[in-house]
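Below is one structure; the comments refer to it alone.
Below, all heavy atoms of this structure are taken into account, side chains as well, without hydrogens, waters or symmetry copies.
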Amino acid sequence: MATITTNEQPVLDRQPDADPRHENGQPARAEALAAAVATFKDAKQLSYRHRYGLAPYGALATVWGAGVLLNVTGQPWWLGGVVTFSAAAVASLWPKVRATARLHPAQVPAALLTTAGYTFAAAVDSPFGWAQSALFSAGLLISAPWWWKYRLRTVRPEPKRRELEAAPAASGPDGNMLLWAKKPGAARGVLAGSYLTDRAPFKYGTRYRIILEDQTTEEAMEARARIASAYGKPLDLVYVEETADGAQNAADLTLLDEMAVQDIQYWTKPTLDMDTGIMAIGPYADGAGEARIQLWEPGSGPLPMLISGAMRVGKSTILRLLFTEMMYAEHITPMFCDPQKGQSCPEWMQHLPEGAVARGVEETKALLLKLRDEMYARNAMLADIQWTDEDGEEQHGKHSYTHPGMDGLDLLYCVIDEAHKVLAYDEIAELVQELLAEGSKAGVMLGLITQVPTVDELGNGRILSLVTSGTVILLRTGDAYSARSALQGRMNVDAHRIRKAFPNGQPTKGLGYVCGWEPRPVLMRSRVQEKPARWAKNAPRKTLVWMAHGKPPAKPGSTPVVEPADAAAAVVADLDALLAQGADLDNVLEFAPFTPGQKRQYGQRIYDELRAEGGALTGGDLIVRTGIPAATAFRVLLEMTADQALVKTGDTYQLPMTEEVAQ
């Protein structure tokens with residue numbers, strides 16, 4: 001095999017050719033220049049990083065040097081003072097210098113006087129006098145914390161100053177605005193051509209104003225689910241509302257990071273405003289104020305109410321709040337009909353006014369019949385009442401129930417729980433419809449609570465239309481149709497999409513929408529009473545006064561034309577006559593049984609009235625004043641007399657020597 005030989009060295013052993021520039025020292029000079037430039041840049045960046053921390057030291061050095069120069073050149077003291085004072089004024093008041101030195105406006109006079117004083121003293125006396133040296137040393141010490149605070153700053157970026165000044169401001173479109181332009185506002189987006197403006201961050205998220213192109217506010221509100229999908233958020237954290245100015249080519253968008261109602265908020269005191277009929281029920285999910293409902297409209301009368309939602313969503317919690325507000329308010333008498341025999345709200349059943357509670361369907365029908373009779377009795381009274389207006393002119397009749405307590409008439413507000421169970425009966429449905437349609441003028445109104453607010457469940461479409469004309473509280477529903485039926489097109493919400501639990505795992509009881517005083521399509525959460533039984537126990541005792549039991553106290557300045565007969569006194573007189581003839585008590589009337597606790601309560605009312613009137617009243621007067629039904633009151637009086645808790649003389653009942661109520 002032939003062998004090939006060569007005189008060339010292996011590649012690995014080959015030495016590089018000599019660079020002729022090494023002979024002239026050019027690479028050494030280039031490297032040295034590059035190193036010098038790098039050192040200069042490093043020093044420049046270092047000085048920039050410490051520009052705020054070293055600023056006081058530079059100022060002190062300049063002041064000291066100016067003092068030495070003025071002293072060496074022998075300038076007159078007055079010339080040195082004028083020059084140095086002017087220089088100090090310019091340095092302290094010039095905005096750019098003040099911004100660089102981070103001077104607060106309150107620090108400017110101090111900096112001005114200190115600088116001018118030192119320089120003037122150095123020019124007249126010596127730069128190294130004891131006073132000047134002490135002042136200079138104090139400046140060094142005072143500057144130390146300043147240097148530590150501003151010892152490190154960001155290095156100047158690479159672009160030149162002109163490029164930086166020409167760059168857009170840092171407050172340009174944020175991520176939400178860019179995403180809107182890419183998805184909802186894109187050419188094929190749900191709100192094509194729209195864009196966001198007026199960014200307003202707040203504690204729980206950010207608000208924007210949507211400027212629409214060829215859409216309306218209602219269309220933007222209907223696109224809420226698509227918007228939530230675009231931002232990857234649950235529906236509970238995205239809200240689209242009408243703007244404050246009502247512009248139909250715009251809408252308000254709220255993107256929440258968290259809900260303000262995840263933690264329970266407790267009800268601590270009544271919030272019902274007696275001038276407006278408005279009460280706060282709970283905070284909104286975005287933390288922007290309170291959801292409010294209106295029980296009556298001043299000058300017009302009470303408003304109906306519908307509370308709707310699936311099982312175990314918080315309807316009873318709201319019912320307790322309503323009873324508490326009405327019981328602690330003046331001139332409002334709450335009434336309650338419960339087909340479930342009183343189990344819906346047991347805390348309040350024994351504390352509501354006597355005769356204002358119905359347990360079961362039959363009692364509900366009887367109470368509603370009595371309430372209808374009361375409505376017509378009030379209609380007759382208010383139609384013929386004589387009163388004087390604010391101009392001193394005599395007027396005849398009143399066309400509406402303007403406010404609670406008008407002409408001595410309490411507002412009667414009857415809540416029917418599980419309303420669908422009683423409205424299945426045609427007779428009760430007719431009563432409910434009649435009271436909803438005509439009761440407002442007489443100060444009589446109904447509130448309905450049901451799980452499914454549809455025409456089929458509420459008897460007929462007329463009832464649904466009447467009750468939804470007032471306040472609607474809509475908690476989580478089982479389907480979308482129920483939500484639409486309850487709101488009757490007044491708000492665009494998805495109550496059936498309310499989640500059963502918050503992200504922290506807590507149940508969403510009380511979470512829902514309120515279409516009342518201000519129909520915001522934003523979730524709210526009702527407050528919770530922490531001891532509802534205690535609130536019920538301590539509530540003021542109220543008496544349900546019917547027109548048939550006597551004339552209600554008239555409002556000052558008004559004179560009713562109709563003087564109702566004292567029917568209670570007539571009943572007592574008839575019973576007294578029968579008993580005097582030897583009739584058996586149980587055969588005279590079928591008295592309603594009462595517990596020992598109720599007997600003590602009735603007896604206390606009788607004692608309070610007797611004390612207020614000097615210790616003696618007739619049976620009829622006592623019945624009218626206490627509001628106890630005539631038959632029940634007569635039996636209490638009879639038993640108290642037998643127990644010697646009262647002394648009867650003729651038809652007058654008097655207090656005994658001791659005023660202890662019979663146990």
Do [X] and [Y] have side chains that get closer than 4.5 Å, going by heavy atoms?
{"X": "Val261", "Y": "Leu523", "value": "no"}
{"X": "Thr206", "Y": "Arg199", "value": "yes"}
{"X": "Leu237", "Y": "Met259", "value": "yes"}
{"X": "Phe202", "Y": "Thr254", "value": "yes"}
{"X": "Asp252", "Y": "Tyr239", "value": "no"}
{"X": "Met327", "Y": "Pro334", "value": "yes"}

Just distance, no hydrogens or angles: give the donor-acceptor pairs under 3.5 Å from side chains in residues 495-505, sequence neighbours left out.
residue: Arg499; atom: NE; partner: Asp236; partner atom: OD2; Å: 3.0
residue: Asn504; atom: OD1; partner: Gln506; partner atom: N; Å: 3.1

Item to check | From Glu242 atom CD to Glu218 atom CD, the distance as rounded to the nearest 0.5 Å | outcome: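 Between Glu242 CD and Glu218 CD, I get 10.0 Å after rounding to 0.5 Å.
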
Item to check | Euclidean distance, Glu457 CD relative to Leu423 CG, rounded to 0.5 Å | outcome: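 Rounded to the nearest 0.5 Å, the CG-CD separation comes out at 9.5 Å.
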
Checklist entry - Listed by chain and number, what are the side-chain hydrogen bond (donor to acceptor under 3.5 Å, both in side chains) partners of Arg484, not counting sequence neighbours? => result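 By the side-chain hydrogen bond (donor to acceptor under 3.5 Å, both in side chains) rule, Arg484 matches no residue at all.
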
Next on the checklist: Run the side-chain hydrogen bond (donor to acceptor under 3.5 Å, both in side chains) test against Arg527 and tell me which residues pass, sequence neighbours left out.
Outcome noted: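 Partners of Arg527 by the side-chain hydrogen bond (donor to acceptor under 3.5 Å, both in side chains) criterion, ordered by chain and then number, come out as Gln265, Glu290.
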
Checklist entry - Passes side-chain contact (heavy atoms from CB on, under 4.5 Å), Leu255 versus Val238? Steps please. => result CA-CA 5 Å; Leu255 301 176; Val238 178; 4.0 Å; yes

Checklist entry - Would you say the side-chain atoms of Lys542 pair up with the backbone N or O of Met326, donor to acceptor, closer than 3.5 Å? => result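 Pair found, side chain donor or acceptor close to backbone of Met326.
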
Between [X] and [Y], is there a side-chain N and carboxylate O pair less than 4.0 Å apart?
{"X": "Asp245", "Y": "Arg209", "value": "yes"}
{"X": "Lys370", "Y": "Asp373", "value": "no"}
{"X": "Lys233", "Y": "Asp257", "value": "yes"}

Please report, to 0.1 Å, the donor-acceptor pairs under 3.5 Å made by any side chain of residues 357-365, with sequence neighbours excluded.
residue: Arg359; atom: NH1; partner: Lys341; partner atom: O; Å: 3.1
residue: Glu363; atom: OE1; partner: Arg359; partner atom: N; Å: 2.7
residue: Thr364; atom: OG1; partner: Gly360; partner atom: O; Å: 2.7

Scan the side chains in residues 294-304 for donor-acceptor partners under 3.5 Å anywhere in the protein, sequence neighbours excluded, and list what turns up.
residue: Gln294; atom: NE2; partner: Thr276; partner atom: O; Å: 3.1
residue: Gln294; atom: NE2; partner: Trp296; partner atom: O; Å: 3.2

Item to check | Intermediate values then yes/no, side-chain contact (heavy atoms from CB on, under 4.5 Å), Leu646 and Leu610 | outcome: CA-CA 10 Å; Leu646 290 177; Leu610 288 173; 3.5 Å; yes

Please list, one pair per line, the donor and acceptor atoms closer than 3.5 Å that link side chains of residues 512-522 to other protein atoms, with sequence neighbours excluded.
residue: Tyr513; atom: OH; partner: Arg224; partner atom: NH1; Å: 3.4
residue: Arg520; atom: NE; partner: Glu241; partner atom: OE1; Å: 2.8
residue: Arg520; atom: NH1; partner: Ala288; partner atom: O; Å: 3.3
residue: Arg520; atom: NH2; partner: Glu241; partner atom: OE1; Å: 3.4
residue: Arg520; atom: NH2; partner: Glu241; partner atom: OE2; Å: 2.9
residue: Arg520; atom: NH2; partner: Asp286; partner atom: OD2; Å: 2.8

Next on the checklist: As a quick check of understanding, evaluate side-chain contact (heavy atoms from CB on, under 4.5 Å) for Leu272 and Ile332, giving each step before the final call.
Outcome noted: CA-CA 11 Å; Leu272 179 58; Ile332 303 178; 3.8 Å; yes

Item to check | side-chain contact (heavy atoms from CB on, under 4.5 Å) between Leu637 and Ile606, intermediate numbers included | outcome: CA-CA 9 Å; Leu637 291 170; Ile606 293 171; 3.7 Å; yes

